Amino acid sequence: MQRQPLVIANWKMNGNRHLTSQLAEALRESGALLNDVSVVVCPPAVLLPAWQSEVFYDDVHLGAQDVNEHHAGAHTGEHSLQLLTETGAEYVLIGHSERRQLYGDSDDRVQAKVDAVLAFQEQKLKVVLCLGEHEHERDNGETFARIEGQLAKALANVSAAQLAHVVIAYEPVWAIGTGKTASPQQAQEVHAFIRNWLQQRYDAAAATVPLLYGGSVKADSAPALFAETDIDGGLIGGASLEPEAFLAICRAAQARRS
Ligand code: PGA
């Protein structure tokens, strides 16, 4: 099954209007790249309107870094699905390890957010479910148990039909922002485990789910990671703030097509 390569930029709490114009221009000038690779940019939510006007006619998709599970109401500082889609978001990251570790996104809350996004009928938003083990879990041989637990909880209410709107990003916590990338073999092993788990649960629908690797992916580490069978692309933090590096990573994903 040929899956379109997918590369997602996660700007976290970085970037500004200037970088928006710079990266949008670099993507506009990237030629055929955007035919072969789906590129999604997740800037801080306040930059979505700036991105929306930059990429309106181009094949660059936008995403949000998080969403509140409620439709509206007294949730100071939060963003609703309605608002995010109005400002162009087609994807939403859910369960990023920084949200889990720093902002209290428990497995229950992750599940509630996944359910809210998939139940939102006005726009077909895609969930990018982020999961991954801590270093001590890897050291104790608990990686697969951790991944399985996160998958089972987050996808508990997700049907095979809804799975068409799910992307999974494997991001080992010890590799995020640390410069320590998982080796292609380590990453492939977990991706194969995820694909298998999805197959057992969802049968044929599992084959369409893009599986991304994230955690210190750089221009030089991307080609070997993206050469692995079950790594369909990447979720890119630090390197997505440098247009040249980000484009090089997208080109590495493009090579999956050849
Ligand atoms: P990093 O971030 O590429 O800076 O490690 C990845 C992520 O957190 O999504």
Side-chain angles (χ1 to χ4, degrees), residues 5-16 19 23 26 37-45 47-48 51 60-67 89-105 110 113-114 117 126-135 137-138 143 146-147 150-151 154 166-184 186-187 190-191 194 209-226 228 231-253:
L6 171 62
V7 180
I8 304 182
N10 175 14
W11 273 12
K12 311 191 181 187
M13 202 171 72
N14 298 301
N16 51 28
L19 189 61
L23 183 56
V37 180
S38 298
V39 174
V40 180
V41 181
C42 303
L47 280 178
L48 279 169
W51 265 100
V60 174
H61 304 277
L62 300 180
Q65 296 177 11
D66 188 32
V67 68
E90 296 171 75
Y91 291 74
V92 189
L93 307 185
I94 294 183
H96 189 280
S97 75
E98 287 148 19
R99 303 279 340 157
R100 292 181 191 258
Q101 288 188 91
L102 306 174
Y103 298 101
D105 279 14
V110 167
K113 290 182 180 189
V114 168
V117 174
K126 294 210 186 215
V127 165
V128 181
L129 172 65
C130 305
L131 37 81
E133 81 287 1
H134 288 269
E135 191 154 34
E137 292 168 328
R138 175 161 284 270
T143 298
R146 178 74 181 132
I147 300 296
Q150 288 176 321
L151 280 170
V166 174
V167 173
I168 294 179
Y170 167 56
E171 298 203 302
V173 180
W174 48 272
I176 297 178
T178 58
K180 274 201 261 178
T181 317
S183 71
Q186 283 174 323
V190 176
H191 282 229
I194 295 171
V209 180
L211 301 186
L212 310 184
Y213 169 78
S216 298
V217 178
K218 306 289 177 216
D220 57 356
S221 55
L225 285 160
F226 298 166
E228 295 291 341
I231 303 182
D232 300 308
L235 178 53
I236 316 300
S240 71
L241 300 168
E242 300 160 32
E244 281 303 307
F246 185 65
L247 249 65
I249 291 169
C250 293
R251 287 200 192 92

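Throughout, residue positions are numbered sequentially from 1 according to the sequence presented. Ligands are counted one by one from 1 in listed order, and the atoms in each one are counted from 1 as well. Keep in mind that what you see is a predicted model, and the values were worked out from it rather than measured.
- Those atoms of ligand 1 that come under 4.0 Å of a heavy atom in His96, given as number and element, are 7 (C), 8 (O), 9 (O).
- Of the heavy atoms in Ile176, both backbone and side-chain atoms come closer than 4.0 Å to ligand 1.
- Among protein heavy atoms, the minimum distance from atom 2 (O) of ligand 1 is reached at Lys12 NZ, 3.2 Å.
- Residue-to-ligand polar distances place Gly238 within reach of ligand 1: an N/O pair is separated by less than 3.5 Å.
- How far CH2 of Trp11 is from CG of Leu47: 6.5 Å, rounded to the nearest 0.5 Å.
- Taking each of Ala175, Ser216, Ala9 in turn, the one with a heavy atom nearest to atom 1 (P) of ligand 1 proves to be Ser216.
- The shortest heavy-atom distance from Gly177 to ligand 1 is under 4.0 Å.
- The single protein non-hydrogen atom nearest to atom 9 (O) of ligand 1 is Glu171 OE2, 2.7 Å, given as residue, atom name and distance.
- Per-residue contacts place Gly215 under 4.0 angstrom from the following atoms of ligand 1 (heavy atoms of the residue considered): 5 (O).
- Closest to atom 3 (O) of ligand 1, if we only count protein heavy atoms, is Gly237 N, 2.9 Å.
- Proximity to Leu235 (heavy-atom distance under 4.0 Å) selects the following atoms of ligand 1: 6 (C), 9 (O).
- If you take SG on Cys42 and CG on Leu235, they are separated by 7.0 Å, rounding to the nearest 0.5 Å.
- Results of the side chain to side chain contact (heavy atoms under 4.5 Å, CB included) test with Val127 over Val92, Val114, Val67 single out Val114 as the only residue that passes.
- The shortest side-chain heavy-atom distance between Arg99 and Gln65 does not fall under the 4.5 Å cut-off.
- The aromatic rings of Tyr213 and His191 are tilted relative to each other, their planes meeting at an angle between 30° and 60°.
- Only one option out of Glu171, Arg146, Gln150, His96 pairs with Leu131 in a side chain to side chain contact (heavy atoms under 4.5 Å, CB included); it is Gln150.
- We find the CG-CD distance between Asp66 and Glu98 to be 11.5 Å, quoted to the nearest 0.5 Å.
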